[in-house]
Number of protein chains: 2
Amino acid sequence: MRPQKVLDEEILTGLTKVFRAKGYEGASLKDLSDATGLKKASLYHRFPNGKQEMANAVLSHLDYWVTNNVFKTLLNEEITPQTRLKKGLAEIKRLYDDGNETCIFRALSMQAGVELFEEQIKNGMQEWIATFFNLGLALNFTKQEAEIMALQVLIEIQGSLIVCKGMGDIKIFETAVQQIENKYLNT
Amino acid sequence: MRPQKVLDEEILTGLTKVFRAKGYEGASLKDLSDATGLKKASLYHRFPNGKQEMANAVLSHLDYWVTNNVFKTLLNEEITPQTRLKKGLAEIKRLYDDGNETCIFRALSMQAGVELFEEQIKNGMQEWIATFFNLGLALNFTKQEAEIMALQVLIEIQGSLIVCKGMGDIKIFETAVQQIENKYLNT
DNA sequence: AATTACTTACCGAACATTCGGTAAAATTTA
DNA sequence: TAAATTTTACCGAATGTTCGGTAAGTAATT
């Protein structure tokens, strides 16, 4: 049998899983090869600039996913802000597999990774903040309130994911997401 | 001259700096050697079980520091809970160098590290929660309130440190600590 | 006090393994 | 056949770890 072309989507999925779990330095080409089903040299065919290009592809891939799922939902003006929030938070749960998956920002922001991806991480975080700021306004909070709340959302997601992993209890993430909903809906 | 003994404190300080910044896999023996002033072989003289023993020493060292500074302050019954809180938060700022240093839990809880240090990380986090739970009770919150607040403290510290690093703005950490104080003091 | 034995603290060099990366060949599509 | 894709085989460098050995201190013996 001739080796069939491995689909881009499968490759991205595999790379993403490894980088999220192990970070930049921790992710070896062997890991990436095993996760994608491609040999090292084949990965270099797809990503001539090596590991860094793979990590960049993962960042872009996730940014694309978040933009077209999380943000798109949260900013969809065809439905009420309340519904947007609930559906958007559901997408966030999907993104982090209910607390089982780490955030790529966290994984790639250790020294050795942080210099390489500084800009993407910063931009990515700003997108999160901008989106929730927008939603806050739509829910009739003041600019100042919405600003503080948006930053707080990012902090609580990141924090709960870490505590989640450290304590081995995904309920912590679930609760954090629920509290975000409550805060925005005043319940 | 007989080679002068490098002080344990210096070694721990160096090891801690590297593991906090780079994580377990990211910290190479070269890094650890440079940071401590001991050659690789000498590090193995002090830590016969190698890198893992070094990381464990760092965890113990930080746990000791936190116990004798952060927790001791927060639980010091000779002063009012309000004062305890303020002084304890000041110690926390010291621990994280006002947001410039990462948390060792975060650094060591990537895959490859997480299996090795699972227990210490979990126990460490539980100590944090127990301490702030105690403080919450001392400030007349109900058991349920104090429980939620304690977990929230851990989440906000961890989360703000990550967002801090990602956004390149230590003010985020400072604000988070201030909000913790406000929450406990109802201001 | 002098000799001997042992321990501590460190280091250079080598170990096997794994690292990220490359060239060339094999395989398959078109 | 020409182009694209994957593989085998390989490389130098870096990894964590171990070995052999040195210099200096301590303890025990005489």
Strand contacts (DNA chain D) in residues 18-28 of chain B, 4.0 angstrom heavy-atom criterion: Ala27(B), Ser28(B)
Which residues share a side chain to side chain donor-acceptor pair (under 3.5 Å) with Glu145(A), sequence neighbours left out: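 Partners of Glu145(A) under the side chain to side chain donor-acceptor pair (under 3.5 Å) test: Thr142(A).
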If you measure from the Lys or Arg side-chain nitrogens to the Asp or Glu carboxylate oxygens, is any gap between Glu174(A) and Lys171(A) under 4.0 Å? no
Can we say Glu119(B) and Lys122(B) salt-bridge, meaning some charged N sits less than 4.0 Å from an Asp/Glu carboxylate O?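 Result for this pair is no, no salt bridge flagged.
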Hydrophobic side-chain clustering at under 4.5 Å (ILVMFWY, transitive links): who's grouped with Ile79(B)? Put none if nobody. none
Under 4.5 Å side-chain heavy-atom separation, chaining through any Ile, Leu, Val, Met, Phe, Trp or Tyr, what else clusters with Phe133(B)? Say none if it is isolated.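 Noted: Phe133(B) shares its cluster with Leu137(B).
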How many Å lie between [atom1] on [X] and [atom2] on [N], as a whole number?
X: His45(B); N: dC10(C); atom1: NE2; atom2: P; value: 7 Å
X: Lys39(B); N: dG16(D); atom1: NZ; atom2: C1'; value: 17 Å
X: Met54(A); N: dC19(C); atom1: CE; atom2: C1'; value: 13 Å
X: Lys30(A); N: dT18(C); atom1: NZ; atom2: P; value: 9 Å
X: Leu38(A); N: dT5(D); atom1: CG; atom2: P; value: 11 Å
X: Lys51(B); N: dT17(D); atom1: NZ; atom2: P; value: 7 Å
X: Phe47(B); N: dT8(C); atom1: CZ; atom2: C1'; value: 15 Å
X: Leu32(A); N: dC19(C); atom1: CG; atom2: C1'; value: 12 Å

Quick one: which of Tyr64(B), Phe132(B), Trp128(B) gives a ring-ring contact (aromatic ring centres under 6.0 Å, His included) with Phe71(B)? Trp128(B)
dC10(C) OP1/OP2 closer than 4.0 Å to side-chain N/O of Arg46(B): yes
dA9(C) OP1/OP2 closer than 4.0 Å to side-chain N/O of Ser42(B):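 The answer is no; no side-chain N or O of Ser42(B) sits under 4.0 Å from OP1 or OP2.
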Pairwise N/O distances under 3.5 Å, protein to nucleotides 22-26 of chain C:
none

Applying side-chain hydrogen bond (donor to acceptor under 3.5 Å, both in side chains), run through Asn182(A) and Gln178(A) and close with a yes or a no. CA-CA 6 Å; Asn182(A) 293 345; Gln178(A) 185 59 54; 3.1 Å; yes
Sub-3.5 Å donor-acceptor pair from the side chain of Tyr24(B) to the main-chain atoms of Gly26(A), do we have one? no
With sequence neighbours left out, what residues match Lys22(A) under salt bridge (Lys or Arg N to Asp or Glu O under 4.0 Å)?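 With sequence neighbours excluded, Lys22(A) shows a salt bridge (Lys or Arg N to Asp or Glu O under 4.0 Å) to Asp31(A), given in chain and number order.
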